[in-house]
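In this text, all values refer to a predicted model and were calculated from it rather than measured experimentally.
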Amino acid sequence: MASVLNSALSLNLSNFKRKRVRTQFLVSPLSLSLSRRRVTMGAAETDANEAKPQAPDKAPDSGGGGSSFNQLLGIKGAAKETNKWKIRLQLTKPVTWPPLVLGVVCGAAASGNFDWTLEDVAKSIVCMLMSGPLLTGYTQTINDYYDREIDAINEPYRPIPSGVISENEVITQIWILLLGGLGLAGLLDVWAGHDFPIVFYLALGGSLVSYIYSAPPLKLKQNGWIGNYALGASYISLPWWAGQALFGTLTPDIIVLTLLYSIAGLGIAIVNDFKSIEGDRLLGLQSLPVAFGAETAKWICVGAIDITQISVAGYLLGAGKPYHALALLGLIIPQVFFQFQYFLKDPVKYDVKYQDVAEPE
């Protein structure tokens, strides 16, 4: 079970952190525009509108070139797209869905009550749909909405700052995904015969965390520690809890284990903070690379990942599960190798390469 959790955690969790928050409200955006920001250079001021970045046809080449496949997954190296439905899919970042889907699987298995019957399989699929495409899609879309100013600096080719989709269309998508996810959560509670709608409240709580992570006035992602941990817990703990609550009862040891493992999620989320240092600093966001510098932050990043996972292996060993502990250690070893091979050498240059070769482990 621990090895499945490790895979679910590591599978592209950090894609959610590929951008940073903007300081605007969803319904009543502030009038601040980066195109009107005035930049002081020495004693002279110049209007930044004259140098407003133009959206390129695709993201900067990360080794594999721009492609339509990358565009559909919502990852770096995406080709420019004009089809609205493909753009809407891109905003939901399908590449970030698997950790949530696997979290549901882990929770269902941990409940001890899942059977390979048509009904239980159908319940789990609906729970995966709720956790992945709908609520993770909502989370990613709302993050893109509030990131549109900073994306104009760091990633001007993204759908919203490049103008290929309007803000009103994005807002509509946010509401449809949110209400669809909450609706399925309520349906699952009725289907499972719950007296207390625990799946609905888990979904509602996760949606609230997603909102305050990206949106003012709290904007959790302004603080590298709090924001990254909230992200890790949302990707690891919540889908597991939903899967286990759907088929059984949450237990204290599972709650402790998943919350502990969420610290590793903090480290994984930091990986993509490095590419946004310029925009984060400009907008006053205290990501860890901005607050501590890139050299210190890269060691905080790998330390949070490795120390947490080794600690969980120790917990499993102490709980009388030596084979689970060994399996987890077997997944950690190649991860550490690739950290030294790529990420620690240059976290900005090798962020995507490191995620490709190490985090799926």
Side-chain angles (χ1 to χ4, degrees), residues 1-13 15-16 74 89 92-142 173-211 213 230-255 257-259 261-262 265:
M1 184 61 60
S3 60
V4 177
L5 172 59
N6 187 68
S7 300
L9 167 67
S10 301
L11 186 60
N12 297 313
L13 170 61
N15 280 276
F16 185 78
L89 182 62
T92 67
K93 295 186 184 64
V95 74
T96 63
W97 301 349
L100 285 294
V101 170
L102 290 175
V104 171
V105 172
C106 291
S111 72
N113 296 319
F114 177 84
D115 295 314
W116 287 99
T117 63
L118 180 60
E119 182 179 6
D120 280 3
V121 170
K123 285 181 183 177
S124 64
I125 292 174
V126 173
C127 193
M128 293 174 191
L129 177 62
M130 173 199 73
S131 301
L134 291 176
L135 292 183
T136 304
Y138 152 79
T139 299
Q140 297 293 347
T141 306
I142 197 172
Q173 175 165 322
I174 289 170
W175 280 109
I176 290 175
L177 292 171
L178 173 61
L179 295 177
L182 294 178
L184 283 188
L187 173 64
L188 287 170
D189 280 316
V190 174
W191 197 350
H194 292 158
D195 293 328
F196 178 80
I198 185 171
V199 177
F200 175 81
Y201 279 108
L202 286 173
L204 185 63
S207 301
L208 177 61
V209 170
S210 297
Y211 179 79
Y213 174 84
L231 176 62
S234 297
Y235 266 70
I236 298 164
S237 301
L238 285 173
W240 184 305
W241 295 350
Q244 186 157 346
L246 179 61
F247 293 99
T249 304
L250 285 176
T251 56
D253 60 326
I254 289 297
I255 293 174
L257 181 64
T258 52
L259 289 177
Y261 216 91
S262 296

**Student:** Quick check on Leu208: does its CG atom have over 12 non-hydrogen neighbours (other residues, nucleotides or ligands) under 6.0 Å away?
**Tutor:** yes
**Student:** Drop me the distance from Leu89's CG to Gln173's CD, to the nearest 0.5 angstrom.
**Tutor:** 9.0 Å
**Student:** Using 30° and 60° as the class limits, which term best fits the ring planes of Phe114 and Phe247: parallel, tilted or perpendicular?
**Tutor:** perpendicular
**Student:** Can you see which heavy atom on Ala233 is nearest to which on Ser262, and at what distance?
**Tutor:** CA-OG, 3.2 Å
**Student:** First locate atom CH2 of Trp240, then atom CG of Leu250, and finally report the distance between them rounded to the nearest 0.5 Å.
**Tutor:** 11.0 Å
**Student:** I need the minimum non-hydrogen distance between Leu135 and Ala203, along with the two atoms involved.
**Tutor:** CD1-CB, 3.7 Å
**Student:** What is the minimum heavy-atom distance between Met130 and Gly181, and which atoms define it?
**Tutor:** CG-O, 3.5 Å
**Student:** Does some side-chain heavy atom of Thr92 sit less than 4.5 Å from a side-chain heavy atom of Trp97?
**Tutor:** yes
**Student:** side-chain hydrogen bond (donor to acceptor under 3.5 Å, both in side chains), that's the test. Do Ser111 and Asn113 meet it? Break it down for me.
**Tutor:** CA-CA 5 Å; Ser111 72; Asn113 296 319; 4.7 Å; no
**Student:** Do we see a donor-acceptor contact under 3.5 Å between the side chains of Thr117 and Asp115?
**Tutor:** no
**Student:** Do the non-hydrogen side-chain atoms of Trp191 and Val126 ever get within less than 4.5 Å of each other?
**Tutor:** yes
**Student:** Check the pair Gln244, Thr251 against side-chain contact (heavy atoms from CB on, under 4.5 Å), reporting the backbone distance first and the verdict last.
**Tutor:** CA-CA 9 Å; Gln244 186 157 346; Thr251 56; 3.8 Å; yes
**Student:** Where the side chain of Thr136 meets the backbone of Ser131, is there a donor-acceptor pair that is under 3.5 Å apart?
**Tutor:** yes
**Student:** Please round to the nearest 0.5 Å and tell me the distance separating atom CH2 of Trp241 and atom CD1 of Ile236.
**Tutor:** 11.0 Å
**Student:** Donor-acceptor check, side chain of Thr258 to backbone of Ile255, threshold 3.5 angstrom: yes or no?
**Tutor:** yes
**Student:** Mind checking whether Tyr138 and Ile174 have side chains closer than 4.5 Å, heavy atoms only?
**Tutor:** yes
**Student:** Calculate, to the nearest 0.5 Å, the distance between atoms OG and CG belonging to Ser207 and Leu179 respectively.
**Tutor:** 9.5 Å
**Student:** With a 4.5 Å cut-off on side-chain heavy atoms, are Thr96 and Tyr235 touching?
**Tutor:** yes
**Student:** Over all heavy atoms of both residues, which pair between Ile254 and Ala110 is shortest? Give the atoms and the distance, please.
**Tutor:** CD1-CB, 4.3 Å
**Student:** Knowing that exactly one of Leu204, Asp189, Val190, Leu202 qualifies, which makes a side-chain contact (heavy atoms from CB on, under 4.5 Å) with Pro197?
**Tutor:** Asp189
**Student:** Got His194 and Leu188 here, is their nearest side-chain heavy-atom distance under 4.5 Å?
**Tutor:** no
**Student:** Testing the basics here: between Thr141 and Leu177, what is the closest heavy-atom pair and its distance to 0.1 Å?
**Tutor:** OG1-CD1, 3.8 Å
**Student:** Can you confirm whether Ser124 sits close enough to Val105 that some side-chain heavy atom of one is under 4.5 Å from a side-chain heavy atom of the other?
**Tutor:** no
**Student:** Which heavy atom of Ala192 sits nearest to which heavy atom of Leu246, and what is that distance?
**Tutor:** CB-O, 3.7 Å
